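Here is the structure we will look at, set down as structure tokens.
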Amino acid sequence: MRRAGIVVLMAVAIVVPGACAVPVGERRLMLGAVGQSRAEIERRESETGVPLAGVRVFKRWDWTLFDADETWARDTGHTVFVSVKSRRGDGSPIRWRDIADSRPGDPLHQDMVRQAAQIKDFGAIVYFTFSHEPEAKGSRPMGEGADFVDAWRKVVDLQRAQGVTNARYVWTVTSVAFERTDRTAASLFYPGDAYVDHIAADSYNGYACDNPKGRWAEPAEVVEGQRRFGELHPDKGLMLLEWGSVEDPERPGRRAEWLNAARKMFLSPGYEQYRALLSWDARNLGGAAPACDFDVARTPDSLAAWRAIATDPGYSAKSPCDLGDCRLPEDSGAIVANLWWRVTGLFRRAPALRRKERSGP
């Protein structure tokens, strides 16, 4: 452990002067996936063959944000992306206007204070999303765009007032929202640059899995609306917090081609704002198989394409600092903590990695 401490101190000496900015010409994206539990994360990493840096977890309003699984993820060098839905554990929705209008002493206000304390106590830098996909059908009982904007700002303002400095705020809508002009248009739900660090989308090529008239959409088409929206906010990073493609039953292997095209695309000119890609495949839901199967492990060729992304140096970002998300001086403690967990996490995971090397993929 003493050796790990020395490594951390050396790393801090290297990182702090540059304020963790991303060096010019060395842009790297962070790759990850949904990981609601330690078992799910370990299974995905076993399939991928290498550790996944980003882990997305879904929470409801009255749930604990970080339990033993998230603590383990942090302590083994993962970066946690937490999405908190405006919905209680029993499934009942919470109106955004009620959140926005809550006052000190109100139950909803106390809930926000509790959430802020949990983020602050977590220590590591966290990517935080309030009520992802607010424009989607499932969010309509919660309110309209203006209600969401006021609620988002209330959540962020309260966290900042409570001394939270280790949260990065990731506004997340569906990719189709960027193309719409009606009441579900993405722009109507945007809280403003002062309240957002990254602009994210949940983006899929669903083809005909849930729509008989659906058509195949290449990676560039899937994210084009988000990419154009990002150009209007050039100082914000772009992320995909859900991302994937189904297979083409008439042309097996097409999903692997789609993944290979995406790997090259996000590293090409015009996509410099992209910072992270996190896949989703419904494993975290359990139960019956979903209408759309986005699981890359279903076929050997798509799994090989996924592994090619994971081992590409362009997707080797390991921490928020690699994404330019470490700030000084307010993040000094979180930077040291992140480095400590990354280094000591390697020691904790070394036995499992050695077993993996002996047994093969």
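We're numbering straight along the sequence, starting at 1. Predicted, not measured: the structure shown is a model, and the values here were computed from it.
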- Query: Should the pair Phe189 and Trp96 be assigned to parallel (<30°), tilted (30 to 60°) or perpendicular (>60°) ring geometry?
  - Reply: perpendicular

- Query: Taking the six-membered ring of Tyr271, is NZ or CZ of Arg227 closer than 6.0 Å to its centre and within 45° of its axis?
  - Reply: yes

- Are Tyr127 and His198 an aromatic pair by the rule of ring centers under 6.0 Å? yes

- For this output row, return yes or no: ring centroids of Phe266 and Tyr315 closer than 6.0 angstrom. no

- Message: Could you check whether Arg74 makes a cation-pi contact with Phe122, meaning its NZ or CZ is under 6.0 Å from the centre of the six-membered ring and within 45° of the ring axis?
- Response: yes

- Task: Give a yes or no on whether the backbone of Glu272 and the side-chain of Arg275 come within a donor-acceptor separation of less than 3.5 Å.
- Result: yes

- Do Ser46 side-chain atoms and Glu42 backbone N/O form a donor-acceptor pair below 3.5 Å? no

- Query: When you measure from the side chain of Lys236 to the backbone N and O of Asp193, does any donor-acceptor pair fall under 3.5 Å?
  - Reply: yes

- Item | Under 3.5 Å side-chain donor-acceptor pair for Asp111 and Trp61 | yes

- Query: What is the ring orientation for Tyr190 with Phe229, classed by angle as parallel under 30°, tilted 30 to 60°, or perpendicular over 60°?
  - Reply: perpendicular

- Is there a donor-acceptor pair under 3.5 Å between the side chain of Thr48 and the backbone N or O of Arg44? yes

- Task: Might you work through the salt bridge (Lys or Arg N to Asp or Glu O under 4.0 Å) test for Asp147 and Arg95, ending with a clear yes or no?
- Result: CA-CA 8 Å; Asp147 303 316; Arg95 295 175 64 247; 6.0 Å; no

- Task: May I ask you to decide if the ring planes of Trp243 and Trp258 are parallel, tilted or perpendicular, using 30° and 60° as cut-offs?
- Result: tilted

- Is it true that a side-chain atom of Arg180 and a backbone atom of Thr184 form a donor plus acceptor pair closer than 3.5 Å? no

